[in-house]
Number of protein chains: 2
Amino acid sequence: MKAPARPIRRATLHHSAVEELRAMILDGELPPGVRVPEVQLCEQLGISRTPLREALRVLSSEGLVELRPHRGAIVAPVDPGEIGAIFEVMDALERLAGTLACRNGSDAEFAKLDRMHDQLVTQHEAGERAAYFLTNRQIHAQIVAMARNPALEATYAGFAAKILRARSLANYDTGRWQESVDEHEGFMAAFRRRDAEEAGALLADHSRRTAVAVIQALRQPPVQAVGQEGGAAADPTPMDVE
Amino acid sequence: MKAPARPIRRATLHHSAVEELRAMILDGELPPGVRVPEVQLCEQLGISRTPLREALRVLSSEGLVELRPHRGAIVAPVDPGEIGAIFEVMDALERLAGTLACRNGSDAEFAKLDRMHDQLVTQHEAGERAAYFLTNRQIHAQIVAMARNPALEATYAGFAAKILRARSLANYDTGRWQESVDEHEGFMAAFRRRDAEEAGALLADHSRRTAVAVIQALRQPPVQAVGQEGGAAADPTPMDVE
DNA sequence: GATTGTAATATTGTATACAATTTGGCACGC
DNA sequence: GCGTGCCAAATTGTATACAATATTACAATC
């Protein structure tokens with residue numbers, strides 16, 4: 001008699017706090033570098049300091065916040081050099097995911113992947129960048145899920161979160177959009193052939209090219225929205241594609 | 001004026017507790033599946049429940065303990081299937097480490113690696129398994145360090161810890177020892193040629209073969225040391241090599 | 001005027017007290 | 001005899017109170 005896969009798991013406060021804070025950090029609501037006073041967050045989340053502190057410890061071990069003894073916690077800054085390192089690992093994870101997905105994915109999953117890709121292309125043609133971005137993430141998540149490897153899935157999620165945060169800071173070169181779609185076409189073709197090696201290689205290459213674009217965008221710091229309203233940017237949100 | 005790289009960082013209790021508990025888990029002092037009553041650990045470590053609980057949350061996010069709401073924490077069990085998944089990722093990390101080490105390692109580091117390898121061979125010939133095992137870990141850590149990638153280093157450490165724990169439970173096939181040394185000779189030759197691709201490939205292969213041996217050893221559960229003291233095992237600690 | 005030492009304040013680190021939930025046992029009924 | 005429901009004990013989850021440390025402002029001195 002094995003334990004049920006999903007024990008009901010009513011949420012505890014610190015668990016909810018982790019998810020809430022993580023979302024706030026990834027959404028940019030808590031930008032990198034800002035101090036995170038405990039009491040202020042406590043009343044904001046409506047909880048006491050104890051569960052909040054437990055949540056901060058978890059986020060620290062995930063690398064999203066930095067704990068400085070007796071000096072308070074800050075949202076972890078995004079270092080371009082570190083992002084480069086993260087992408088180097090991400091490339092390897094993408095390759096592994098692609099290879100394993102070919103080996104372990106079901107036909108139904110491959111069909112679903114195809115549909116998602118069609119949707120991606122449609123959204124690209126329609127210029128719906130926000131929707132495209134979401135679909136793109138879902139596609140990569142689907143590939144990772146098809147790999148049937150929980151360890152990979154968890155590790156991938158951690159890196160994807162950090163990359164997502166870095167992107168949200170960068171003014172992304174929209175010129176890469178078309179290029180990125182082409183790369184998607186490429187590895188999708190490999191997937192349809194169930195060519196594990198090729199799919200992995202193309203996914204890794206896709207990740208590497210994304211890295212170059214993101215890092216380049218990071219070097220040109222985003223227009224400080226505060227204080228200079230000159231250009232009337234066509235798109236208010238710093239958008240990025242992969 | 002940038003902040004100093006190493007602000008003194010006097011230890012806090014929960015930080016010390018994390019390291020202490022992690023060591024206890026990895027050393028097998030806290031075997032998988034055992035419950036971890038908070039109060040008992042508190043008096044054992046001489047701290048209060050608050051920092052201990054913060055430490056448990058961190059270890060949970062590392063995957064070394066499982067938190068069951070209102071039911072207490074247990075040391076995470078070692079599931080052979082999960083170990084297989086972990087090794088799949090580990091293979092990719094080893095490959096990446098080997099490739100990057102070739103590209104980024106200094107000549108001094110390569111020389112040091114050579115010396116460590118000589119020591120490894122000597123210890124193998126002398127049959128000093130414990131010393132061999134330690135040197136082996138140091139070699140792999142050195143390779144990862146030469147990759148110059150903090151993200152890889154952190155991720156690698158996490159996986160290595162879980163693998164180490166799995167090994168400590170398994171009766172390892174000593175027949176693999178010679179084979180493992182041969183594989184070390186192989187990737188060392190590639191390192192001496194600075195052949196990044198080959199070194200990475202051989203390291204990944206080495207990891208994969210280790211995985212097979214470890215998983216096979218896990219299937220044959222270890223002799224329960226308690227209750228049967230028959231064989232007077234030549235080596236008290238379940239030894240393993242890679 | 002600048003700098004250094006000191007003290008006050010604010011924030012974090014830790015301990016303890018209280019509330020909520022689970023679990024085991026026991027009695028009651030079927 | 002077996003199952004169900006309830007109660008009690010123990011353990012975890014949370015909140016609050018206290019202690020320790022860092023930061024800031026101010027003042028005294030050079």
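In what follows, every chain begins at residue 1, and chains take the letters A, B, ... in the order their sequences are listed. All heavy atoms count here, side chains included; hydrogens, waters and symmetry mates do not.
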Please tabulate the protein-to-nucleotide N/O contacts below 3.5 Å involving nucleotides 5-7 of chain C, giving atom names and distances.
none

Taking all non-hydrogen atoms of both residues, which atom of A:V89 and which atom of B:L96 are closest, and how far apart?
CA-CD2, 3.7 Å
Closest non-hydrogen contact found for A:N149 with B:E88 is ND2-OE1, 2.7 Å
Distance in angstrom units between [X] [atom1] and [N] [atom2], rounded:
X: B:L67; N: D:dT14; atom1: CG; atom2: P; answer: 11 Å
X: B:L52; N: C:dA15; atom1: CG; atom2: P; answer: 11 Å
X: B:I47; N: C:dA15; atom1: CD1; atom2: P; answer: 7 Å
X: B:L56; N: C:dT14; atom1: CG; atom2: P; answer: 14 Å
X: A:E54; N: C:dT14; atom1: CD; atom2: P; answer: 13 Å
X: A:E43; N: C:dT11; atom1: CD; atom2: C1'; answer: 14 Å

Please determine whether side-chain contact (heavy atoms from CB on, under 4.5 Å) holds for the pair B:R22 and B:V58, giving the CA-CA distance in whole Å, both sets of side-chain angles, and the decisive distance to 0.1 Å.
CA-CA 10 Å; B:R22 182 161 39 209; B:V58 171; 5.7 Å; no
Residue from B:R57, B:R53, B:E54 passing side chain to side chain donor-acceptor pair (under 3.5 Å) with A:H14
B:R57
Distance-only, no hydrogens or angles: does the B:S60 side chain make a donor-acceptor pair with backbone N or O of B:L56 under 3.5 Å?
no
With the side chain counted from C-beta on, respond yes when A:R115 and A:Q119 share a heavy-atom pair under 4.5 Å apart, and no when they do not.
no
Run the salt-bridge test on B:R148 and B:E109 with the 4.0 Å N-O cut-off and return the result as yes or no.
yes
Looking at C:dT14, does its base get a donor-acceptor pair with the side chain of B:T12 below 3.5 Å?
no
Classify every nucleotide of nucleotides 5-12 of chain D by which part a protein heavy atom approaches to under 4.0 Å, writing B for the base, S for the sugar-phosphate alone and - for neither, in 5'-to-3' order.
------SB
Worked check of side-chain contact (heavy atoms from CB on, under 4.5 Å) between B:F133 and B:L164:
CA-CA 11 Å; B:F133 186 43; B:L164 180 65; 3.6 Å; yes
